[in-house]
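The structure appears below as structure tokens.
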Amino acid sequence: MKHVVKIMALLVAISSIWVGLLQTSIIPHSHTWLLPIYFVVSLGCYGLLMVGIGLMRFPTCPQEALLLQQDIIEAKEFLKQKGIDVGSD
Amino acid sequence: MEQRKEEKNKYSIIIPTYNERLNIALIVYLIFKHVRDVEFEIIVVDDGSPDGTQDVVKQLQQVYGEDCILLRPRPKKLGLGTAYIHGLKHASGNFVVIMDADLSHHPKYLPSFIKKQLETGASIVTGTRYAQGGGVHGWNLMRKLTSRGANVLAQTLLWPGVSDLTGSFRLYKKSVLEDIITSVVSKGYVFQMEMIVRASRKGYHIEEVPITFVDRVFGSSKLGGSEIVEYLKGVAYLLVTT
């Protein structure tokens with residue numbers, strides 16, 4: 001099944017629940033009409049939250065830059081000995 | 001039994017290059033330093049670099065052997081996807097590793113890719129910069145923000161099953177790479193996304209290992225407005241066609 005079909009099916013399921021809620025009166029109608037808006041807004045908030053959390057917890061590795069520099073020096077030494085041209089790029 | 005299986009595995013490391021005369025030598029040294037007790041070959045797919053990258057590769061072949069370093073050039077810049085396909089044609093291993101030539105991908109992670117695959121029997125092992133143990137250096141706040149935003153968007157819409165969609169440090173079973181690459185049409189980093197999403201849709205077993213990514217292109221903003229548009233179009237395309 002294509003992925004978009006899955007997403008559509010999910011949306012159809014959610015919509016039918018919403019329509020069902022409109023027809024029966026479990027929740028007062030004033031609230032029911034606003035449910036789609038609540039849904040979209042909470043989805044947006046969830047997205048922003050995930051971005052914010054991810055940004056705060058973004059893994060960085062400053063020590064890797066140093067290690068890389070050391071590796072480069074080591075590599076250049078070896079390669080120069082073997083006669084490989086390691087002039088500046 | 002396990003010992004015999006390991007001895008029969010061979011890893012073909014495909015490295016597309018364009019103007020990487022220094023980096024290719026460094027990366028070859030580092031690969032040989034870190035990948036031990038494993039049979040491998042390095043396939044350099046150079047797109048007609050004017051800076052003499054191919055000459056350096058030939059010198060490396062003298063040092064390390066022509067059976068270990070294969071130079072399979074192309075006449076000009078023809079794109080990443082076709083570079084992998086070209087490299088695949090010359091790959092004699094049953095596993096293929098793809099990685100960047102500019103040392104943003106460090107060969108010291110190659111053993112962890114190999115180990116992960118042997119432990120889990122996965123079809124694909126992809127490096128992730130975003131998991132615990134991984135990381136990025138050289139990105140400013142804006143870059144991190146767009147990366148994070150792009151990732152959340154793609155996760156929400158595509159449910160890919162991997163944490164790092166645009167990464168290009170990956171180990172594939174050769175048959176799996178051959179299977180997926182023929183159905184991929186995107187270019188650039190959307191290509192990498194399409195590869196992993198299509199693999200996920202086809203039900204291939206995908207594992208991740210944390211990697212560190214040192215961005216060496218300091219100061220150059222690779223994320224302009226056009227890149228963002230390209231990305232959104234790519235996600236929309238993947239949403240509908242995979």
Side-chain angles (χ1 to χ4, degrees), chain A residues 1-15 35-89, chain B residues 19-23 25-30 32-33 51-53 55-56 59-60 62-64 103-104 106-108 129-139 141 144-145 147-153 155-160 197 200-201 210-216 238-242:
Chain A
M1 192 195 319
K2 287 233 186 271
H3 183 69
V4 66
V5 173
K6 265 191 235 169
I7 302 245
M8 288 298 157
L10 195 63
L11 287 176
V12 165
I14 295 178
S15 308
L35 277 179
I37 301 178
Y38 292 158
F39 177 69
V40 170
V41 169
S42 31
L43 200 63
C45 287
Y46 170 78
L48 285 174
L49 187 70
M50 295 311 291
V51 172
I53 292 178
L55 198 59
M56 281 195 315
R57 300 185 57 218
F58 208 108
T60 57
C61 50
Q63 72 282 4
E64 290 294 330
L66 288 170
L67 290 174
L68 184 61
Q69 289 309 313
Q70 287 170 7
D71 281 333
I72 292 176
I73 293 170
E74 179 189 320
K76 278 188 177 175
E77 288 276 328
F78 177 87
L79 293 166
K80 241 188 266 187
Q81 275 177 23
K82 299 285 182 179
I84 298 185
D85 181 10
V86 284
S88 56
D89 51 336
Chain B
N19 283 348
E20 299 282 7
R21 67 172 292 144
L22 175 58
N23 287 332
L26 301 174
I27 211 174
V28 165
Y29 169 80
L30 289 169
F32 276 92
K33 176 181 175 188
D51 73 343
T53 301
D55 296 326
V56 174
Q59 291 174 19
L60 290 164
Q62 297 308 307
V63 174
Y64 291 101
L103 287 176
S104 52
H106 199 300
K108 68 183 174 188
R129 296 161 288 182
Y130 305 137
Q132 195 73 273
V136 174
H137 177 76
W139 282 5
L141 186 65
K144 286 183 196 167
L145 182 64
S147 157
R148 201 59 220 152
N151 198 270
V152 168
L153 182 71
Q155 293 289 337
T156 310
L157 290 177
L158 296 174
W159 311 351
V197 170
S200 179
R201 301 287 183 251
I211 57 165
T212 55
F213 181 94
V214 178
D215 198 337
R216 306 188 67 210
L238 289 176
L239 181 61
V240 175
T241 61
T242 61

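This structure is a prediction, so every number in the text was calculated from the model and none was measured. Note on naming: letters A, B, ... go to the chains in the order of the sequence lines (proteins, then strands), and numbering restarts at 1 for each one.
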Does any non-hydrogen side-chain atom of [Y] lie less than 4.5 Å from one of [X]?
X	Y	value
B:Leu103	A:Asp71	no
A:Met50	B:Asn151	no
A:Leu68	B:His137	no
B:Lys33	A:Glu74	yes

Examine whether an atom of [X] lies under 4.5 Å from a heavy atom of chain A, and if so say whether it belongs to the side chain, the backbone or both; otherwise answer neither.
X	answer
B:Leu60	both
B:Val136	both
B:Leu26	both
B:Trp159	both
B:Phe32	neither

Task: Winner by heavy-atom pair count (cut-off under 4.5 Å) against chain A, out of B:His106, B:Arg148, B:Gln62 - done: B:Arg148
- [ ] Describe, in one word, how the ring planes of B:Tyr130 and A:Phe58 are oriented to each other, choosing from parallel (under 30°), tilted (30 to 60°) and perpendicular (over 60°).
- [x] perpendicular
Open item on the list: To check you understand the geometry: which heavy-atom pair defines the closest contact between B:Leu157 and A:His3, and what is its length?
Closed with: O-NE2, 2.6 Å
